[in-house]
S.K.: 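Quick one: this structure, given as structure tokens, is what I'll be asking you about.
The shown structure was predicted, so the numbers you read here are calculated from the model rather than taken from an experiment. Residue numbers run from 1 in the order of the sequence given.
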Amino acid sequence: PEGVLFYHRNRDDKLLIDYAVTQQGLENVRNQIVNTQQGRTFGGLLTGDGFMNVGTGDGTYRDTPYKSWRLKSATRRKAHSIRIFTHVDQTETLEDWKSGLQRLRNQQLPDRDAFQRTLAWWDDFWNRSRLVINSDHTDSGAWALGRNYQLFRYQLGCNYYGEYPTKFNGGNFTYDPGLVTGKRPFSPDWRAWGGGSFTAQNQRLIYWPLLKTGDFEAMKPQMEFYRRMLPTGKARAETYWGHGDAVFCEQTENFGLPIACAWGFTEPGAANRRRRPEVEHGVLDNKWIVHHYESQLEFSYMMLEYHRYSGLDISPYMAFIKESIRFFDEHYQMRQRNKSGRPLDDHGKLVIYPSTACETYKGAKNPGDVIAGLKACLNGLLALGPEFVSEEERDYFHNVLKRVPDFSYEEVGGDRIIKPAESWEFVTNSECPQFYPLFPFNRFSLEDEKMITVFRNTWKHGTFPKNMVQSWHQDGIFLARMGMTKEAAEYNARKMRDSRRRFPTFWGPGHDWVPDHNHGGSGMLGLQEMLMQTIGDEIVLFPAWPKDWDVNFKLHAPYNTIIEVELKNGRLGQLRVTPQSREADIINMLH
């Protein structure tokens, strides 16, 4: 009588978390694993004025049979009003969840007030940041790049306040499997890389652009994801290796454990992705993401940059940051001690082995992305005040920084290049971790001419693919960071051009799905880095921007700084810096 009630409630007698805890040998610390699944219910209530129930029906939607409940208006009307109240919670009983839903319904605003509040929210959203290219030439390809940047930011705005992060493979948008590929005639609930797991290297590309758009509130779900799982990460490190820090893998369930197939199935009769008995307990039996822990450094650094940009409190995240760093120090001292009897090498440095440079360079020793991440996090941590880092902690982390090994280099054709790692055993993917010291870890700026030459040489001599724009490929960011304007413009123009689907920014499937959100995030970053780079205190404008692309933008920089710029016909029109004191840190590379 009150409307249409719909919900899904997890079966508490058969939860994935219970399977994974047993599979991964964590029964003794079960009470430390964060249970995000038990009693979880999502759904809502659809209501309308003057509607009546007229029975049920059935049919087939594409490949999926369905049953329907039919409504119609009791009388003919010129206008109808339908309201949907949605609710997600973990409750003891279904009735508790229904009571929470009813409270939301009771708190509803009048329709007109709700509509005005929505308008005000989006008005504030669009006033916070913008990037418009060639506004006088809307038929140009460059204009479409700016339009697509704005459209994709809109998609991210549509999931601003989720309890969980926006998933890289579509967020709260998705496509029917049969419309993505004819090889997967599944129900509309299915998507590639679906379920409740998150792939860290893809997730980060959705959230890094939000620093420069000033969408700090939207970053909280991703940061909360790791804060919430910290007890799980600590329980894993203590159980497997006996050290008191925290460890997270690349593909992580929402409760903090590796996805089941990455661990390797252990039940009798498992024929596919079976865990081999010789694999060390605690280590994944998966060639793609084994020993892949870099992302916990990257999200730690993102939290530190969130504070540097916004000035907002990161006290809730400090434990995650510290334990994520501490893992690399304790874990690799332990491994080196077990191997050689000494915790460090002859130079007093950590030996980060066995490891991996992204998913690509496997069996790696001292991978460059991990080294860059440690240096970035440690320097960022040590720059914080005593309210975040005690004197005892400061002494410890200062010594950890001394123990971090240096990057590895070699000469190719008389040119010095930076290596993805000191050494590695085989290659499994097509990522470029040798450029991670540039992005995301900000170790070198364009003023470091000697190092920028090294990175350009690395690009020139690299045998990795240089023509891939789909999904998470981020060459456009690296090219901008190297000041290679022509190449960055060409790459990002391909990256941000219209998708082949009706909505211009429903890219994919690429490596992932439709719409491909890490495609859009890496494209946003490419354009941002062409326009403005913020390493240290400097604000470098137009480090890799074509002069024949007019642009009007409003972007955010560290220390609550807002930059508004208009470039027209190759000449700077407007430059507004808030606060004005930051004008002294502007470096204009337009000329």
Side-chain angles (χ1 to χ4, degrees), residues 145 148-149 152-153 156 166 168-169 199-213 222 250 292 294-295 297-299 301-302 305 356-361 367-370 372-373 376 418 420 427-444 446 452 455-456 458-459 462-497 505 507-512 515-535 543-544:
L145 309 183
N148 290 347
Y149 175 102
F152 183 70
R153 182 171 172 243
L156 299 181
T166 295
F168 70 91
N169 56 351
T199 304
Q201 281 287 296
N202 298 24
Q203 287 296 128
R204 68 198 180 94
L205 293 169
I206 299 171
Y207 286 92
W208 277 121
L210 303 188
L211 291 172
K212 286 192 170 74
T213 61
Q222 182 64 71
E250 174 63 12
H292 193 338
E294 176 271 343
S295 292
L297 292 175
E298 187 160 349
F299 282 107
Y301 186 54
M302 184 183 291
E305 285 289 272
T356 178
C358 290
E359 289 186 21
T360 300
Y361 299 89
D369 55 339
V370 173
I418 189 168
V427 174
T428 61
N429 209 332
S430 54
E431 298 154 302
C432 299
Q434 52 269 62
F435 296 102
Y436 274 44
L438 291 175
F439 173 84
F441 292 121
N442 295 333
R443 295 301 85 206
F444 304 101
L446 284 170
I452 293 300
F455 284 109
R456 289 179 176 177
T458 305
W459 178 264
T463 57
F464 43 80
K466 300 177 183 179
N467 60 348
M468 302 178 76
V469 299
Q470 70 266 36
S471 299
W472 40 258
H473 291 279
Q474 53 199 315
D475 299 353
I477 308 169
F478 303 144
L479 292 166
R481 281 294 180 95
M482 290 185 283
M484 298 170 64
T485 301
K486 179 176 179 293
E487 294 84 351
E490 290 175 351
Y491 183 93
N492 288 310
R494 293 173 58 210
K495 184 87 171 181
M496 294 297 282
R497 67 189 177 191
T505 56
W507 293 291
H511 302 304
D512 302 314
D516 189 342
H517 275 32
N518 60 163
H519 182 127
S522 55
M524 285 184 73
L525 284 161
L527 291 176
Q528 287 177 351
E529 295 302 323
M530 289 171 65
L531 280 171
M532 186 176 80
Q533 297 178 14
T534 55
I535 298 136

S.K.: Regarding Ser295 and Gln201, is there a side-chain donor-to-acceptor distance under 3.5 Å anywhere?
M.R.: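 Yes, a side-chain donor-acceptor pair sits under 3.5 Å.
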
S.K.: Under the 3.5 angstrom rule, does the side chain of Lys495 hit a backbone N or O of Ser471 as a donor-acceptor pair?
M.R.: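 Indeed, once roles are kept as given, a pair shorter than 3.5 Å links the two residues.
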
S.K.: Please round to the nearest 0.5 Å and tell me the distance separating atom OG1 of Thr534 and atom CD of Glu305.
M.R.: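 Here the interatomic distance stands at 7.0 Å.
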
S.K.: Does a donor on one side chain sit under 3.5 Å from an acceptor on the other, for Thr505 and Asn148?
M.R.: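 Result is no, nothing qualifies.
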
S.K.: Just by distance, do the side chain of Gln203 and the backbone of Thr166 share a donor-acceptor pair under 3.5 Å?
M.R.: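 At least one qualifying donor-acceptor pair exists.
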
S.K.: For Leu446 versus Met482, what's the shortest heavy-atom pair and its separation?
M.R.: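 Nearest heavy atoms, Leu446 then Met482: CD2-C, 3.5 Å.
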
S.K.: When you compare the side chain of Asp516 with that of Gln470, does any pair of heavy atoms fall below 4.5 Å?
M.R.: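 Result no, sub-4.5 Å side-chain heavy-atom pair not found.
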
S.K.: Which atom pair, heavy atoms only, marks the closest approach of His473 to Ser430?
M.R.: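 Minimum heavy-atom contact is CE1-OG, 3.5 Å.
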
S.K.: Side chain of Trp507, backbone of Asn518: donor and acceptor closer than 3.5 Å?
M.R.: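 Checked: no pair found.
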
S.K.: Within the distance-only criterion (no hydrogens, no angle test), does the side chain of Thr360 pair as donor or acceptor with the backbone N or O of Glu431 below 3.5 angstrom?
M.R.: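 At least one qualifying donor-acceptor pair exists.
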
S.K.: For Tyr149, which residues count as a ring pair (Phe, Tyr, Trp, His ring centres under 6.0 Å) partner, sequence neighbours excluded?
M.R.: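 By the ring pair (Phe, Tyr, Trp, His ring centres under 6.0 Å) rule, Tyr149 matches no residue at all.
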
S.K.: Hey, is the main chain of Asp512 close enough, under 3.5 Å, to the side chain of Asn169 for a donor-acceptor pair?
M.R.: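 Flag not set: sc Asn169 to bb Asp512 has no pair under 3.5 Å.
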
S.K.: At their closest point, which heavy atom of Ala480 faces which heavy atom of Gly526, and how far apart are they?
M.R.: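 So the minimum-distance heavy-atom pair works out to CB-O, 4.3 Å.
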
S.K.: Do the side chain of Arg153 and the main chain of Pro209 share a donor and acceptor less than 3.5 angstrom apart?
M.R.: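 No, because the side chain of Arg153 does not come within donor-acceptor range (under 3.5 Å) of the backbone of Pro209.
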
S.K.: In Å, rounded to the nearest 0.5 Å, how long is the span from CZ of Phe168 to OH of Tyr207?
M.R.: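 Here the rounded value is 12.5 Å.
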
S.K.: Do Leu205 and Leu525 have side-chain heavy atoms sitting under 4.5 Å apart?
M.R.: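 Of all side-chain heavy-atom pairs linking Leu525 with Leu205, at least one is under 4.5 Å.
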
S.K.: Closer than 4.0 angstrom, basic N to acidic O: yes or no for Arg494 and Glu490?
M.R.: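 The answer is no: the pair does not qualify as a salt bridge.
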
S.K.: Could you check whether any side-chain heavy atom of Leu156 comes within less than 4.5 Å of a side-chain heavy atom of Met524, counting everything from C-beta outward?
M.R.: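 Side chain of Leu156 against side chain of Met524, heavy atoms only: contact under 4.5 Å found.
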
S.K.: SG of Cys432 to CG of Asp475: how many Å apart, nearest 0.5 Å?
M.R.: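 One gets 5.0 Å once the value is rounded to the nearest 0.5 Å.
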
S.K.: Which residues pass the side-chain hydrogen bond (donor to acceptor under 3.5 Å, both in side chains) test with Thr213, sequence neighbours left out?
M.R.: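 In terms of side-chain hydrogen bond (donor to acceptor under 3.5 Å, both in side chains), with neighbours along the sequence ignored, Thr213 is linked to Asp215.
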
S.K.: Would you confirm whether Glu294, through its side chain, and Gly373, through its main-chain N or O, come within 3.5 Å as a donor-acceptor pair?
M.R.: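 Judged by distance alone, no pair lies under 3.5 Å.
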
S.K.: For the side chain of Tyr491 and the backbone of Met468, is there at least one donor-acceptor N/O pair under 3.5 Å apart?
M.R.: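 Yes; judged by distance alone, with no hydrogens or angles, the pair exists.
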
S.K.: For residues Trp208 and Glu298, is any side-chain donor paired with an opposing acceptor at under 3.5 Å?
M.R.: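 Their side chains do contain a donor-acceptor pair, which is all the 3.5 Å distance test asks for.
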
S.K.: Given Leu297 and Val370, is the side chain to side chain contact (heavy atoms under 4.5 Å, CB included) satisfied, shown in steps?
M.R.: CA-CA 8 Å; Leu297 292 175; Val370 173; 4.2 Å; yes

S.K.: Are the side chains of Leu479 and Trp459 in touch, meaning some heavy atoms are under 4.5 Å apart?
M.R.: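 Yes, at least one pair of side-chain atoms sits under 4.5 Å.
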
S.K.: Would you compute the distance between atom CG of Asn202 and atom NE2 of His517 and round it to the nearest 0.5 angstrom?
M.R.: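 Going from the CG atom of Asn202 to the NE2 atom of His517 covers 12.5 Å.
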
S.K.: Taking the side chain as every heavy atom from C-beta outward, state whether Pro437 and Phe444 have any atom pair closer than 4.5 Å.
M.R.: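 Heavy-atom side-chain distance check passes, below 4.5 Å.
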
S.K.: May I ask you to test the Val427-Tyr361 pair for a side-chain heavy-atom distance under 4.5 Å?
M.R.: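 Touching, per the 4.5 Å side-chain cut-off.
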
S.K.: Is there a donor-acceptor pair closer than 3.5 Å between any side-chain N or O of Thr458 and the backbone N or O of Ile418?
M.R.: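 Yes: the side chain of Thr458 pairs with the backbone of Ile418.
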
S.K.: State, to 0.1 Å, how close Phe455 and Gln434 come at their nearest heavy-atom pair, and which atoms those are.
M.R.: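 Nearest pair, atom of Phe455 first, then Gln434: CE2-O, 3.4 Å.
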
S.K.: Measuring from atom CZ of Phe441 to atom CZ of Phe439, what distance do you get when rounded to the nearest 0.5 angstrom?
M.R.: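 Going from CZ on Phe441 over to CZ on Phe439, the span is 9.0 Å.
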
S.K.: Would you call His519 and Phe152 a side-chain contact if the rule is heavy atoms closer than 4.5 Å?
M.R.: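 Not in contact.
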
S.K.: With rounding to the nearest 0.5 angstrom, report the CZ to CZ distance, Arg456 to Phe478.
M.R.: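 It is 15.5 Å, given to the nearest 0.5 Å.
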
S.K.: So, for Pro440 and Tyr301, which heavy atoms are closest and what is the spacing to 0.1 Å?
M.R.: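 Looking at all heavy atoms of both residues, the closest pair is O-CE2, 3.2 Å.
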
S.K.: Is there any salt bridge (Lys or Arg N to Asp or Glu O under 4.0 Å) pair reaching into residues 520-532, and which pairs are they, with sequence neighbours excluded?
M.R.: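 Checked against salt bridge (Lys or Arg N to Asp or Glu O under 4.0 Å) - neighbours excluded - the pairs reaching residues 520-532 are Lys212-Glu529, Arg481-Glu529.
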
